[in-house]
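What follows is one structure encoded as structure tokens, with my remarks underneath.
Reminder, nothing fancy here: chain letters follow the sequence lines and each chain counts from 1.
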Amino acid sequence: MTVTNEDPILQIKDVHCKFGNFEALKGINAQLEKNEVVVVCGPSGSGKSTLIRTLNRLESISAGQILFEGRDIYEKGMSVETLRTKIGMVFQSFNLFPHLSARDNVALGLIRVLHRPKKEAEQTASELLASVGLGDELHKKPMELSGGQQQRVSICRAVALEPTVMLFDEPTSALDPEMVGEVLSLMKTLAGRGMTMLCVTHEMGFAKEVADSIWFMADGQMVDRAPVSDFFSGDISDRAKSFLKAIH
Amino acid sequence: MIELLEQYGRLLLVGHYPNGPLGGLAMTILTSLLCLAICFPIATLLALARTHGNKTLARFYTGYIYFVRSMPLLMLIFWIYYFLPYVLPFSLSPFVTIVLAITIFSSAYLAEVIRAAIEALPKGQYDAASALGFRYWQTTFLIVLPQALTNCIPGLVSQFILIIKETSLGYIITFNELTYVAHELNKILLVKPVEIFTILAISYFVLCSGLSQLGGQLERRIARGRLSNDSDQ
Ligand SMILES: Nc1ncnc2c1ncn2[C@@H]1O[C@H](COP(=O)(O)OP(=O)(O)OP(=O)(O)O)[C@@H](O)[C@H]1O
Ligand SMILES: [Mg+2]
């Protein structure tokens, strides 16, 4: 299949995912266009994390198909490592490498995966961290940083590899309230630069302001997929409505 | 006892070195260090075999641990020393026998320590490494082992203490370590067993309890690092 600019970045076609006998995803269909920002929400256990983890093959699917830039991600000749360098991922619990400084956390992928020279990679990492206000924390270990700072480092770590799309799994829900803003505003900056983003989050303010569309999931199914304006004007399923009420 | 030390202290410390073969405490320490140095990479590989996810490798690991657990070290020493010469065209010196036996033995115990440390790493570390596009060996050498091995330094010290004590079994096959030298000395002097074996006991005690304290200190330092790590997250 040839790759054209019109291809969506990600196409999710009837994707199922099983843990033993339990079906966490029951036939998901969706697609993510270039430069699009999508917020995924839904009750706990609805399969949001599982869905985004299938996209970079951290979780394998039991049926269906996922196309990244038009190519099946399970296709022969599609290396899973290459796929993953093109898909950045940010986790709820940051998952920084505790034995490395902030700068080395960011530089490691550049050096080992993209094979950039060490000096150049460290330079890039320092500049990236400085651009998110962490210029003074380059040599600190993750445990010496606040939660908000750690999450910004982890976003830099993913962004450093210049991915085509960024996946966020509840990036602010492990943070103290006063630190949520700094992470969301960094995500907003990324979106402003045209980054394609898929964000699992319950920050509806962020969704209204930044997202193009909302995906609402429940029980392993995609219940609603709507442009932001429709979603918040109430043009959605009853389940989504009651979910929105519950989180406000 | 002071008199005894003045006269034979050197023999107990280094054997007949430099005029003859090395022995005594120096031999005990050097042999133990050598055993530890050989065991450590073997134990790491064994632990990786167990945690890799491959069933055959995991079965090999389990079999090895069972094999070692179900026999006394002394018996292994006898087998290597007295039985191997029947099947091999050469026999092994007491030194090689001891190093081989202790390495086979300690690798298994140390592997269990390292395996536990690897399994204690949060799953998120693997997720993050995979998501960056690291391959298995990159994740292992850049992320997993640096953390896991740091956390098992206290276990490594305990294993070293065990090895030091195990080398005393070398006495049985006339391996020239501290216990053997002390025993030889006792045979020559005949009249001072209490003094000689008191010196022997004190030597092991000082060496092992010193290391044990070092291990405790390292453990506290590592735990402090982990603690501040947790409370910040
Ligand atoms: N590794 C796993 N093994 C077994 N079951 C799992 C596993 N991961 C997820 N599940 C189950 O799959 C379902 C979906 O989980 P998932 O983590 O995707 O939900 P979520 O929408 O992200 O929820 P939350 O908002 O709590 O993060 C849950 O019922 C969960 O228990
Ligand atoms: Mg989740």
If you draw a 6.0 Å radius around [atom1] in [X], do more than 12 non-hydrogen atoms from other residues or ligands fall strictly inside?
X: B:Gln213; atom1: CD; result: no
X: B:Tyr17; atom1: OH; result: no
X: A:Tyr74; atom1: OH; result: yes
X: B:Phe67; atom1: CZ; result: no

Q: Can you tell me which residue pairs pass the salt bridge (Lys or Arg N to Asp or Glu O under 4.0 Å) test with a partner in residues 132-156 of chain B, sequence neighbours excluded?
A: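 For residues 132-156 of chain B, and leaving out neighbouring residues, the salt bridge (Lys or Arg N to Asp or Glu O under 4.0 Å) pairs sorted by first residue read A:Glu81-B:Arg135.
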Q: Pull out the residues in residues 121-133 of chain A that come under 4.5 Å of chain B, heavy atom to heavy atom, sorted by number.
A: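 Answer by number: none.
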(Q) Strictly less than 4.5 Å between heavy atoms, which residues of residues 84-91 of chain A line up against chain B? Please order them by number. (A)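 Result: A:Arg84, A:Thr85, A:Ile87, A:Met89, A:Phe91.
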(Q) Let me confirm one number: the CD-CG distance from B:Gln125 to A:Leu96, rounded to the nearest 0.5 Å. (A)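 Result: 8.5 Å between the selected atoms.
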(Q) Using heavy-atom distances under 4.5 Å, tell me whether A:Arg57 contacts chain B through its side chain, its backbone, both, or neither. (A)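 For A:Arg57, neither part sits under 4.5 Å from chain B.
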Q | Worked verdict on A:Leu108 versus B:Ile143 for side-chain contact (heavy atoms from CB on, under 4.5 Å) | A | CA-CA 10 Å; A:Leu108 194 65; B:Ile143 309 301; 3.8 Å; yes
Q. How far apart are the C-alpha atoms of B:Thr150 and A:His99, what are their side-chain angles, what is the distance that settles it, and do they pass the side-chain contact (heavy atoms from CB on, under 4.5 Å) test?
A. CA-CA 10 Å; B:Thr150 307; A:His99 59 301; over 6 Å; no
Shortest non-hydrogen separation from [X] to [Y] and the atoms involved:
X: A:Leu58; Y: B:Ser130; answer: CD2-CB, 3.6 Å
X: B:Leu132; Y: A:Val113; answer: O-CG2, 3.5 Å
X: B:Gln138; Y: A:Arg112; answer: NE2-O, 3.0 Å

**Q.** Partner residues of B:Tyr171 under the side-chain hydrogen bond (donor to acceptor under 3.5 Å, both in side chains) criterion, sequence neighbours left out
**A.**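 Scan of B:Tyr171 (side-chain hydrogen bond (donor to acceptor under 3.5 Å, both in side chains), adjacent residues dropped) gives B:His183.
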